[in-house]
Amino acid sequence: MKLTVEFGGGLELLCNSVKIHNVNVELQNGAEKLTMKDLLSWIRTNLIKERPEMFMKGDTVRPGVLALVNDCDWELSGQLDTTLEEKDVVVFISTLHGG
């Protein structure tokens, strides 16, 4: 499934400073749909190059990371159970800043 994954607010530093990734995520074990939980696991394995603990805690994003699916907060669409579709745009933005 082809998706666009974007990182902002400093999270791009975990992916070699690349903000926008056009990815092709394969469905696992004959699954009929791709969920955010599946995508997060794929991102941890394939995109995050260093310090995955800064992006994820357990199998979800850390507190302070805003996740948007097609510009909609994932908390409104089911969080980890959100079903993704071809050409969806998934954005992760860190809301935590030093100062």
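Only this structure's heavy atoms are used, side chains among them; waters, hydrogens and symmetry mates stay out.
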Would you sort out whether Trp74 and Thr60 count as a side-chain contact (heavy atoms from CB on, under 4.5 Å), showing the intermediate values? CA-CA 12 Å; Trp74 80 323; Thr60 191; 3.3 Å; yes

Spell out, as yes or no, whether a donor-acceptor pair under 3.5 Å connects the side chain of Asn16 to the backbone of Val18. no

Can you see which heavy atom on His21 is nearest to which on Cys15, and at what distance? NE2-CB, 3.7 Å

Looking at every non-hydrogen atom in both residues, tell me the closest pair between Leu13 and Ser17 and how far apart they are. CD2-OG, 3.5 Å

For the pair Arg62 (side chain) and Glu53 (backbone), establish whether a donor and an acceptor sit closer than 3.5 Å, ignoring hydrogens and angles. yes

Report the distance from atom CD of Glu32 to atom CG of Leu27, rounding to the nearest 0.5 Å. 9.5 Å

What about Leu66 and Phe55, same hydrophobic cluster or not, with Ile/Leu/Val/Met/Phe/Trp/Tyr joined at side-chain heavy-atom distances under 4.5 Å? no

Compare all side-chain heavy atoms of Leu84 with those of Met36 and state whether any distance is below 4.5 angstrom. yes

How far apart are the closest heavy atoms of Lys49 and Asn46, and which atoms are they? NZ-O, 3.5 Å

Cluster check Val61, Val23: I/L/V/M/F/W/Y, side chain < 4.5 angstrom: yes

Short side-chain to backbone donor-acceptor contact, Glu86 and Lys2, under 3.5 Å: yes

Indicate, with yes or no, if Leu80 and Val25 share a hydrophobic cluster defined by side-chain heavy-atom contacts under 4.5 Å among Ile, Leu, Val, Met, Phe, Trp and Tyr. yes

Going hydrophobic residue to hydrophobic residue with side-chain gaps under 4.5 angstrom, can you get from Ile43 over to Val69? yes

Please check this pair: side chain of Asn24 against backbone of Met1, looking for a donor-acceptor N/O pair closer than 3.5 Å. yes

Sidechain-backbone polar pair: Glu75 side chain, Asp73 backbone, donor-acceptor under 3.5 Å: no

Measuring from Asp81:CG to Lys33:NZ, what's the distance to the nearest 0.5 Å? 7.0 Å

So, are Lys37 and Asp59 salt-bridged, with charged N and O less than 4.0 Å apart? yes

Hydrogens and angles aside, do Thr35 and Asp38 bring a side-chain donor and acceptor to less than 3.5 Å of each other? yes

Parallel, tilted or perpendicular, judged at 30° and 60°: which one describes the rings of Phe7 and Phe92? parallel

Output the distance between atom CE (Met56) and atom OG (Ser41), rounded to the nearest 0.5 Å. 7.0 Å

In this structure, would Ile93 and Val65 fall into the same cluster of hydrophobic residues linked by side-chain contacts under 4.5 Å? no

Should Leu3 and Val89 be marked as a side-chain contact (heavy atoms from CB on, under 4.5 Å) after you check the CA-CA gap, both sets of side-chain angles, and the distance that decides it? CA-CA 6 Å; Leu3 304 168; Val89 177; over 6 Å; no

Test your reading of the model: is there a side-chain donor-acceptor pair from Ser94 to the backbone of Leu11, 3.5 Å cut-off? no

So CG of Leu39 and CG of Leu34: to nearest 0.5 Å the spacing works out to 6.0 Å

Only residue of Asn22, Asn70, Asp88 satisfying side-chain hydrogen bond (donor to acceptor under 3.5 Å, both in side chains) with Thr4 is Asn22

